[in-house]
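Values below: all heavy atoms of this structure, side chains included; hydrogens, waters and symmetry mates excluded.
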Amino acid sequence: MNPDVEIQRLKELMPASGRMYCQVVSKPQQTKVIEMEFPLPWKRKTRPIYLNFDLWQQLKRQERDLLLLRSVVWLTGVQWFKPDIYQGLAAIGLVGTIAEFTQGDLTGVVVAGGLSAIALRHLWRGYRGTKREIDVDEEAIQVATRRGYSEAEAAQYLLMGIEATVKLEGRSSLTFNELIRTQNLRGIANLSSVRVPQSVREE
């Protein structure tokens with residue numbers, strides 16, 4: 001596999017928002033097949049997707065497509081400056097912490113810092129929790145349907161890609177989130193009648 005040719009192919013596969021923000025980068029030294037850094041607020045312009053092409057080329061093209069689309073959906077879904085109550089609370093808490101610190105009010109620092117920490121924890125769960133992971137899978141499947149896949153095919157290839165990635169990375173088993181995701185994908189792919197309950201999604 002020629003990495004430059006594959007990078008160009010993947011760029012063309014991405015939705016327009018992905019082409020604007022996401023960049024596919026070869027990283028042969030990493031142990032993971034595909035990896036992204038959590039996009040921090042001060043790194044808004046470029047959101048790299050790192051690939052180990054020695055491992056990447058061992059996946060089927062359809063599996064690569066779905067894994068890439070899922071990564072793009074997750075990266076572009078992190079919006080730090082979209083108005084949100086928890087973002088507001090985090091900002092207020094941070095400003096309050098600084099103000100109380102400059103005034104030497106230890107109690108105020110603890111209260112404002114605690115408010116900030118609670119809001120940031122909720123934001124983090126919103127971006128990395130089980131519900132978000134499942135939502136991202138389903139959004140990626142919808143993008144794939146605009147690239148010629150049926151919903152069931154896209155779910156099956158994403159499922160296969162997740163399972164193949166675990167083997168290529170030398171892991172013995174799926175993580176908890178991956179287990180939940182693969183069960184949900186089996187349901188979408190009509191390979192199982194059991195879908196992930198809403199209560200599990202919101203944990």
Is any side-chain heavy atom of E133 closer than 4.5 Å to one of I180? no
Please check if the number of heavy atoms outside K27 that lie under 6.0 Å from its NZ is greater than 12. yes
Tell me whether the centres of the aromatic rings in W74 and F38 are closer together than 6.0 Å. yes
Backbone of M1 reached by a side-chain donor or acceptor of Q57 within 3.5 Å: yes
Between I188 and A155, the two heavy atoms sitting closest are CG2-CB, 3.6 Å
NZ/NE/NH1/NH2 to OD/OE distance under 4.0 Å, E138 and R70: no
Please answer whether the main-chain N or O of Y50 pairs with a side-chain N or O of Q30 as donor and acceptor at a distance below 3.5 Å. yes
Verify, without hydrogens or angle tests, whether R181 (side chain) and D137 (backbone) share a donor-acceptor contact under 3.5 angstrom. no
When N52, L59, T31 are each screened for side chain to side chain contact (heavy atoms under 4.5 Å, CB included) with L168, the one that passes is L59
Taking the side chain from E163 and the backbone from M160, do they hold a donor-acceptor pair closer than 3.5 Å? no
Which atoms form the tightest heavy-atom contact between L66 and A144, and what is the distance? CD1-CB, 3.8 Å
Distance-only, no hydrogens or angles: does the E12 side chain make a donor-acceptor pair with backbone N or O of R9 under 3.5 Å? no
Just by distance, no angles: are the side chains of E151 and Q142 close enough, under 3.5 Å, to form a donor-acceptor pair? yes
Output for pair (I141 CD1, R146 CZ), nearest 0.5 Å, gives 12.5 Å
Least distance between heavy atoms, P48 atom then V25 atom: CB-CG2, 4.2 Å
What's the spacing between K32 NZ and I34 CD1 if we round to 0.5 Å? 11.0 Å
Quick check against the 3.5 Å criterion: does R47 have a side-chain atom that pairs as donor or acceptor with the backbone of Q23? no
Counting only N and O atoms by type, is there a donor-acceptor contact under 3.5 Å from the side chain of E178 to the main-chain atoms of T175? yes
So that I can tick it off, tell me whether E6 and R61 are bridged by a salt bridge, with the cut-off set at under 4.0 angstrom between side-chain N and carboxylate O. no
When you measure from the side chain of R147 to the backbone N and O of D65, does any donor-acceptor pair fall under 3.5 Å? no
Distance from Y21 atom OH to I49 atom CD1, nearest 0.5 Å? 14.5 Å
I need the L158 CG to L185 CG distance, nearest 0.5 Å. 5.0 Å
When you measure from the side chain of E169 to the backbone of V33, do you find a donor-acceptor pair of N or O atoms at a distance under 3.5 Å? yes
Linking directly or through intermediates, with side-chain heavy atoms under 4.5 Å: list the remaining ILVMFWY members grouped with V5, chain and number order. none
Say you draw a straight line from CG of L69 to CG of L67; how long is it, rounded to the nearest 0.5 Å? 9.5 Å
I need the minimum non-hydrogen distance between C22 and T76, along with the two atoms involved. SG-CG2, 4.1 Å
Examine distances only and state if a side-chain atom of Q58 and a backbone atom of D54 form a donor-acceptor pair shorter than 3.5 Å. yes
Is the shortest side-chain heavy-atom distance between V72 and P15 below 4.5 Å? yes
Correct closest heavy-atom pair for E139 and R132 would be OE2-NH1, 3.0 Å
Find out whether L51 and I7 are in side-chain contact, i.e. whether some heavy atom of one side chain is under 4.5 Å from a heavy atom of the other. no
Between OG of S71 and CE of M14, what distance do you get to the nearest 0.5 Å? 9.0 Å
